[in-house]
Amino acid sequence: MANNIISLYRTLNHSTLEKLELSSFETSFYSTEGDDEVPILLENQDDTESYYMGKSDSFWDPNSNDLIVERSFVINNPKALFGIDGVTTNEGKLGIGVHIYSRSSNFQTTIPLTVAITEFSINHLVKFRHVFQPAEIKGEVIFSFFIYLANNIKNIPMFASIPGIRLGELISFKIIVDGDGSIFPVVEVEKSGEPLWNVITNWTDVNSDTFDTDNVRIEINSKHHMYDYIYKSTKPSQYLLVEVLSNAISQIIFQVVNDNDFEMDGEFIPGSIASVVLYWILTFEVNVASLEAINYSLRDKIEPLFM
């Protein structure tokens, strides 16, 4: 949609962005533990644009812990923003803000960061910090850093003159809160006289609905006489857990691959149900020809992981 918008004033373009010489993109994640902020370390993270929180080797859980996000970067040549080839005149002052939004969380906010960039600025450091409360976000959360006019300037053709007008995006990155399918939502319920476990599916669109407890989960019945055996450190208990997981995952895979909206080679939103099921299929080399084939091929791969 944005590609169809024609701006009547100068905004950031690829050439100007290159001249800014942006560098030192550093992103850090923390969570509060008592009076301390403990770093959340992500495994195999070498991408500055996408961060999969499910790959954390830390204690962090999106429903129980807060999430502190910090990001910094440097504009090494801010002078490129001013003058005839820039986005404002030499009398302009520019600010930087960040738009944080998430369709899956039904959440968005805009935060101003700096209002001190002038034609005389050099090596401008941008620092950002935001705290998300437990269970505040899920799925994909996008952070878009933009530049805006911060002061009134006289009207000059092709330059914005009203404070607050956005003049283009500097950088963006995203976090995927619900991981990549390596964690399965499990909740405990109390249902006397009912089976030990049950799979609950409650999605509308597998391609956009997030893989979380609202849309898909295993319910473990703590009132069942076999409940205590699931979490014991014994071979029979481990095998029982494998049976629960493999059968539950098999049911979900079967439902999704037979969903009219699902395509194996389609493009999925990270953290969506479809993306997680595809992750399972590829990781465990699942044969999706039938429910029986799904269950057998999945158990064949999962059992050795627990035994």
Side-chain angles (χ1 to χ4, degrees), residues 1-30 37 39-40 42 45-51 67-102 107-132 137 140-175:
M1 186 68 70
N3 292 332
N4 297 325
I5 296 175
I6 299 175
S7 176
L8 299 180
Y9 48 84
R10 290 189 179 278
T11 58
L12 287 174
N13 56 36
H14 180 71
S15 175
T16 307
L17 280 172
E18 285 190 336
K19 293 176 182 177
L20 292 179
E21 300 176 6
L22 304 177
S23 66
S24 300
F25 304 103
E26 297 182 3
T27 307
S28 301
F29 303 97
Y30 303 89
E37 292 182 359
I40 300 173
L42 303 184
Q45 182 60 58
D46 56 4
D47 185 0
T48 61
E49 296 182 353
S50 299
Y51 298 86
L67 176 63
I68 302 167
V69 181
E70 292 185 353
R71 174 83 160 192
S72 64
F73 61 94
V74 177
I75 304 175
N76 291 290
N77 184 31
K79 189 174 180 62
L81 293 167
F82 300 87
I84 190 63
D85 295 322
V87 296
T88 190
T89 66
N90 291 334
E91 67 179 85
K93 292 183 180 181
L94 299 174
I96 294 175
V98 57
H99 183 209
I100 311 171
Y101 59 98
S102 171
F107 166 89
Q108 70 170 335
T109 186
T110 300
I111 303 170
L113 301 180
T114 60
V115 289
I117 304 178
T118 70
E119 64 169 328
F120 303 108
S121 298
I122 56 174
N123 298 329
H124 189 84
L125 173 65
V126 179
K127 300 182 72 175
F128 162 76
R129 174 184 169 94
H130 189 73
V131 181
F132 295 104
I137 53 174
E140 185 177 270
V141 183
I142 298 174
F143 302 76
S144 173
F145 292 80
F146 60 90
I147 200 160
Y148 64 92
L149 184 65
N151 68 324
N152 278 299
I153 63 173
K154 62 185 177 183
N155 289 321
I156 297 178
M158 298 305 294
F159 286 105
S161 59
I162 302 175
I165 290 181
R166 297 189 188 189
L167 302 175
E169 183 182 81
L170 288 168
I171 62 168
S172 67
F173 72 96
K174 62 184 176 183
I175 61 175

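With contacts defined as side-chain heavy-atom distances shorter than 4.5 Å, the pair His124/Leu94 does not qualify. Leu81 places a side-chain heavy atom less than 4.5 Å from the side chain of Leu12. Annotation: side chain of Val69 is not in contact with side chain of Tyr51 (no heavy-atom distance under 4.5 Å).
Closest non-hydrogen pair, Asn76 versus Ser23, comes out as ND2-OG, 2.7 Å. Minimum heavy-atom separation, Ser121 to Ala116: OG-O, 3.5 Å. Looking at every heavy atom in both residues, Ser144 comes nearest to Ser172 through CA-CB, 4.1 Å. Considering all non-hydrogen atoms of both residues, Thr16 and Ala80 come closest at CG2-O, 3.9 Å. Between Leu167 and Arg10, the shortest heavy-atom distance links the atoms CD2-O, 3.8 Å. What you find for Gly92 and Ile153 is that their closest heavy atoms are CA-CG2, 3.7 Å.
For Leu125, the CG atom sits in a packed shell: over 12 heavy atoms of surrounding residues, nucleotides or ligands are nearer than 6.0 Å. Annotation for Ile142: atom CD1 counts as buried by contact number, over 12 foreign heavy atoms lying within 6.0 Å.
Within the model, atoms NZ of Lys174 and OG of Ser50 stand 4.5 Å from one another, a figure rounded to the nearest 0.5 Å. One distance of note links CD of Glu91 with CD of Glu119; it measures 10.0 Å at 0.5 Å rounding. Gln108 CD to Ile100 CD1: the interatomic distance, rounded to the nearest 0.5 Å, is 10.5 Å. A distance of 11.5 Å separates CG of Leu113 from NE2 of His130, quoted to the nearest 0.5 Å. Taken from OH in Tyr30 to CG in Leu67, the straight-line distance is 11.5 Å, to the nearest 0.5 Å. Note that the CD1 atom of Ile111 and the CZ atom of Arg129 stand 12.0 Å from one another [nearest 0.5 Å].
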| task | Step by step, work out the side-chain contact (heavy atoms from CB on, under 4.5 Å) result for Glu169 and His99. | result | CA-CA 10 Å; Glu169 183 182 81; His99 183 209; over 6 Å; no
| request: Could you check Leu22 against Ile75 for side-chain contact (heavy atoms from CB on, under 4.5 Å), going step by step and ending with a plain yes or no? | output: CA-CA 5 Å; Leu22 304 177; Ile75 304 175; 3.6 Å; yes
| field | Derivation of the side-chain contact (heavy atoms from CB on, under 4.5 Å) call for Thr88 and Phe82 | value | CA-CA 5 Å; Thr88 190; Phe82 300 87; 3.4 Å; yes
| request: Mind running side-chain contact (heavy atoms from CB on, under 4.5 Å) on Leu20 and Leu170 for me, showing each step along the way? | output: CA-CA 9 Å; Leu20 292 179; Leu170 288 168; 3.7 Å; yes
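No close placement of the Phe173 and Phe25 rings is indicated, their centers lying 6.0 Å or farther apart.
Asn77 places no side-chain N or O within 3.5 Å of a backbone atom of Glu21 that could act as its donor or acceptor partner.
Taking the six-membered ring where tryptophan is involved, the planes of Tyr148 and Phe146 are tilted, since the angle between them lies from 30° to 60°.
Seen from the ring of Phe143, Arg71 does not count as a face-on cation partner, given the 6.0 Å and 45° thresholds.
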